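Report on the following structure.
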Amino acid sequence: MAMTKCKECGVQISTTAESCPHCGAKQKKKSSGCALIFLAILLTILFVAMCAPSADRSRSSTSATAPQSAAPPQPKDPAVELAEQEQALEQIEERLKTNADRLKRYYASPDQLRQATTDIVRLALIKASYGDSAEQEKKQLGQKASRLLPQVEQQSRELYASSLSEIFIKSGMDVEVSATGREKKRLRISYALMSQPLIYKFQNEIKIQSQAAPLGFTQIVYTNGFESSMGKTWTVEL
C-alpha cells in the first residue's frame, strides 16, 4: 500500500484515504496529471492517424525504387488517367460538402482528417501536373485543383480542431477548441482553468504545435475564455 504524509499533521497515511484517521483532515487527490497523460496518449494516436498517409507514401516510394524482377508497369493511357483525376476531384469536392455538414453536428474523426491530408497531396500533384498545360481540358483540371486546394487545407484545420475538442472531452477536460480567422489559421484553445504551467505542458510535453504547424496553423491562442478583467490570453506564434 502506498503511503503519504497528511498535509495537516504529518502522520503517514494511505494515499487512498479520503481523510486522515489521526486528525480528520480531508486529503486532496491529484487527478490532473492522469488526465494530461491520457490526453497525451490520445493526441499521439491522432497525430499517428494524421501522419499515416505520409508514412504510406514513403513506404510506397521506397518499394518503388527497390530492384524489381517483374517487368515495369506499362504507362497508363492519358485519356484514362485524365478521367481518373477528374473523378478524384469530384470525390474531393463531395467530401468537402459532407465534412462541412458533419462538422455542424458531430466531432470530426481521425479518418476524416487523414483523408483530408491525402486529398491535399492529391490536389497539389494535379495542380503541378496540369496547371500549366497547353491542352484546355488538362488546364481546366489543374485550375479546379488549384481552387479546391486552399478549401481542403482550411477544412483540414477545422477537422483537426474538432478532433482535438473531442480528445479533451474524453480526457475529462471541458476545453473548447476552434480554428478561427479568415483562413482558419489560428488555433484557439479555451479552458476556464488555463494557466502558464498548463500551457507549458501543452507546448513542451504534449507538443500540440508539432501537429498544428504542418496543417498550416500560424498561431495557437490559449485563453481562459473570460470577457471580464479576469480574462487572460497567451499567444504562441508558429
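If you're wondering where the values come from, they're calculated on a predicted model, not measured in any experiment. Quick note: residue numbers are just sequence positions, from 1. Side chains are part of it too, since the values below use all heavy atoms of this structure and drop only hydrogens, waters and symmetry mates.
Q155 is listed as a side-chain neighbour of L96, based on a closest heavy-atom distance under 4.5 Å.
No donor-acceptor distance shorter than 3.5 angstrom exists from the side chain of R186 to the backbone of T180, with no hydrogens or angles considered. With hydrogens and angles ignored, the 3.5 Å screen pairs a side-chain donor or acceptor of S156 with a backbone N or O of E153.
A side-chain contact (heavy atoms from CB on, under 4.5 Å) with Y222 is found for one member of L187, V236, T235 and no other, namely V236.
In this structure, S163 and A108 approach most closely via the heavy-atom pair OG-O, 3.3 Å. Across all non-hydrogen atoms, the minimal contact from N224 to M230 is ND2-O, 2.9 Å. Closest approach of L193 and L198 over heavy atoms only: O-CD2, 4.1 Å. Nearest heavy atom pair, residue A179 against residue R157, reads CB-O, 3.9 Å. For Q211 against P214, the heavy-atom pair with the smallest separation is O-CD, 3.3 Å. In this structure, L148 and L89 approach most closely via the heavy-atom pair CD1-O, 4.0 Å.
Under the 4.5 Å side-chain heavy-atom criterion for grouping Ile, Leu, Val, Met, Phe, Trp and Tyr, F217 is connected to I206 within one hydrophobic cluster. When the side chains of ILVMFWY residues are joined at heavy-atom separations under 4.5 Å, either directly or via intervening members, I189 and I199 end up in a single hydrophobic cluster. Under the 4.5 Å side-chain heavy-atom criterion for Ile, Leu, Val, Met, Phe, Trp and Tyr, L159 and L149 are members of distinct hydrophobic clusters. Residues Y160 and L123 do not share a hydrophobic cluster, clusters being chains of Ile/Leu/Val/Met/Phe/Trp/Tyr side chains in contact below 4.5 Å.
No side-chain donor-acceptor contact under 3.5 Å links Q154 and E183. If you check the side chains of Q219 and R188, you find no donor sitting under 3.5 Å from an acceptor. Side-chain polar atoms of Q115 and D111 form no donor-acceptor pair below 3.5 angstrom.
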Which pairs of donor and acceptor atoms, one on a side chain in residues 128-136, lie under 3.5 Å apart (sequence neighbours left out)?
residue, atom, partner, partner atom, Å
S129, OG, L125, O, 2.8
S133, OG, E135, N, 3.1

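Residues F202 and F168 bring their aromatic ring centres within 6.0 Å.
With sequence neighbours excluded, no residue satisfies ring-ring contact (aromatic ring centres under 6.0 Å, His included) with Y107.
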